[in-house]
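Data first, discussion second: the structure below is written as structure tokens.
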Amino acid sequence: MAFNPFIYVAGLVMEAPLYHLVLEGLLVIWIFQLLFSKSYYIRKRPGLSAKEEEELIAEWTPEPLVPPCDDPPPENNNIVDKIATRTISINGEERLNLATTSFHGMNGDKSCIETALSAIDKYGVGACGPRAFYGTIDIHLEFEKRIAAHMGAEIAILYSYGFSTVSSSINCYCKRMDIVFCDEGANLAIKKGIEASRSKVRYFKHNDTDDLNTLLEEHARWERKNSRQAKVTKKFLVAEGLYNYYGDICPLKELIAFKYKYGARLIIDESYSFGVLGETGRGVAEYFGADNSDIDVVTVSMDHALGSNGGFAYGTAYMIEIQRLGGLGYCFSAALPPYLTASALKALELIDENPKLISRLKENSNYLYDQLWSLDGIKLSNHRDSPVFHLRLMAPTTWGQDFALLQRAAERINARGVAVTMTTYVRSEELILPEPSLRIVVNSCLTREDITRVSGVVSEVVTEMLDAK
Amino acid sequence: MQIGSLHSQKNPNAYWINHSGFWLTYFTIIAILHFSLMSIPFFSTAVAWTLTNALHSFSSYLAFHFVKGAPFDTESVDEGAMKFRTHWEQIDKGKQMTWTKKMLIVVPVILFILASFYTEYAINHSIVNMIALLVGVLPKLPQFHLVRFFGINEF
């Protein structure tokens, strides 16, 4: 009889133990059930029943598409019609400029403008694409090289928008499950960056190292309990060099000490301190005599001292190279127009060549501070060396009232030929709203007489206002 | 992420396994594994089949359920949501019982049945094969989605 494979297989199967056959039978049935089952997503919460849905829909009242604004911005028709350096021309009226944050008047500097114009002749107006997508032009690379050499950092990276420089940088390192220790008084860009990063955030009181220490200690205790999770949780310290909202300087030495003690990364936003603090304007590290390499990432917006647009970050290659692939503001927005890069480069050169600019700015700030600090009813929250002055009421009432009072004071100061502004906050977006303040920004173009005049006008108006109140 | 070769998906790790070549490649790799084990002279057919089954289950456990995260850069898009998810949990964005997943569950079962048959239901081989079946099938079930026993391999 010929070999029949079916009989052979059947014979083997018949010899198999019963439990095995049962198991295989069940498995085959299960497989068929599996093959005909539908695919689905696992929901954490059970779905609503039809009745519950009906109830929810009945309860719902639609919100207006545009919610009513609880405090509409004050209307003013002020038009600035010339480049503002030492003076600012508002509606055709020349006033002393203490409103813009161009600390050295680089936006109106002749050589900067000429450089920008010749860059337009050479490159045209736009960069025509993101940096990694045909948008890189030799001047971008030159700028990055120069700024890194200038700051003594390994590499730098150029962004096309000042606000997104710091928020992209933070978002690039801090991810889900990481923890960020941030100063309460940090500006909106920093807070938005942290929000977008989805990491856990602990705000410490403004410039309060004791509070920061308790938070870090608390976290260290948590780490000892959850060592396995702690191994993959990154820690970050975020602060501003010179605070936009307060005008004071961060305690850098303490932050660096904390950084090494608790093993955190330090990110400093130097938008306001670059070109302002330190002997040669190299920022807060130079001011405190600290080593620049102790700060992991420094971000700078070029809107202020450099009088251009965009921003840059610098640090070690190990940290910054990540931003070329992970910095969303770098990857996905068009590169900085070449002429703005050129003018920023020129401004950097000018600041580097004239350390007098920095010392004059410091003199001006110190002089105005000495004039104003003794004013009754007003407290200055800024540091003596800071060119950004914040006048706040000594006896605050409600936010709205204080704001209105200071606003009226600002209008009167403006009417006497000195342009100052209120600090504007996007109230709906601020997590921790600082007290309203009248902002005075000193620049290095002002002479001593100008400062004397400013302090005279400000003291007069403030005294008048507070007496009338 | 390289802009020049930018993918349009948030997490490419969730989709590449659905591409048409994957099923063929998968079966080919199992066949090559099996035939190379068969070609080793002092391995009997039974040993070769048990080893095929065990190696398959073990390596699928490593690839799908042990290694976490993605080889692609997903952090810059989802802020690290996939950092602590195994590959199995990323496939089809966590959708259960899709055709690829069904295939990957059925393969160890078929391998088990074949291995049992070729080992002639010997008890020592059966024990190894059953363990391999459990390792190959259990973690793939929807009931074990995002489950980490005693926090092992959690972070």
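Checked for salt-bridge contact, A:E144 and A:R131 meet the test: a charged N lies under 4.0 Å from a carboxylate O. Checked for salt-bridge contact, A:R198 and A:D178 miss the test: no charged N lies under 4.0 Å from a carboxylate O. Ion pair B:E79/B:K10 not flagged as a salt bridge, since none of the NZ, NE, NH1 or NH2 atoms sits closer than 4.0 Å to an Asp/Glu carboxylate oxygen. A:E195 has a carboxylate O that lies under 4.0 Å from a charged side-chain N of A:K192, or vice versa, which qualifies the two as a salt bridge.
When heavy atoms are compared at a cutoff of 4.5 Å, B:Q96 approaches chain A by way of both its backbone and its side chain. Of the two parts of A:Y19, only the side chain, counted from C-beta on, holds a non-hydrogen atom closer than 4.5 Å to a non-hydrogen atom of chain B. Interface residue B:M130: only side-chain heavy atoms are found under 4.5 Å from chain A. Contacts between A:K38 and chain B at a heavy-atom distance below 4.5 Å involve the backbone alone (N, CA, C, O). Heavy-atom distances place the side chain of A:V28, and not its backbone, under 4.5 Å from chain B. If you measure heavy-atom distances from B:K83 to chain A, the contacts under 4.5 Å come from the side chain alone. Residue B:L141 touches chain A through its side chain alone, counting heavy-atom pairs closer than 4.5 Å.
Below 30°, between 30° and 60°, or above 60°: for B:W16 and B:H87 the angle between ring planes is below 30°, a parallel geometry. Using cut-offs of 30° and 60° on the angle between ring planes, the pair A:F32 and A:F36 is parallel.
Note on A:N171, A:L27, A:I322, A:L35: by heavy-atom pairs under 4.5 Å with chain B, the leading option is A:L35. With respect to chain A, the highest number of heavy-atom pairs below 4.5 Å among B:I105, B:D92, B:V109, B:L133 belongs to B:V109. The choice from B:I123, B:V106, B:L146, B:I110 that makes the most heavy-atom pairs within less than 4.5 Å of chain A is B:V106.
No cation-pi contact links A:K235 to A:W222, judged by a cut-off of 6.0 Å to the six-membered ring centre and 45° from its axis.
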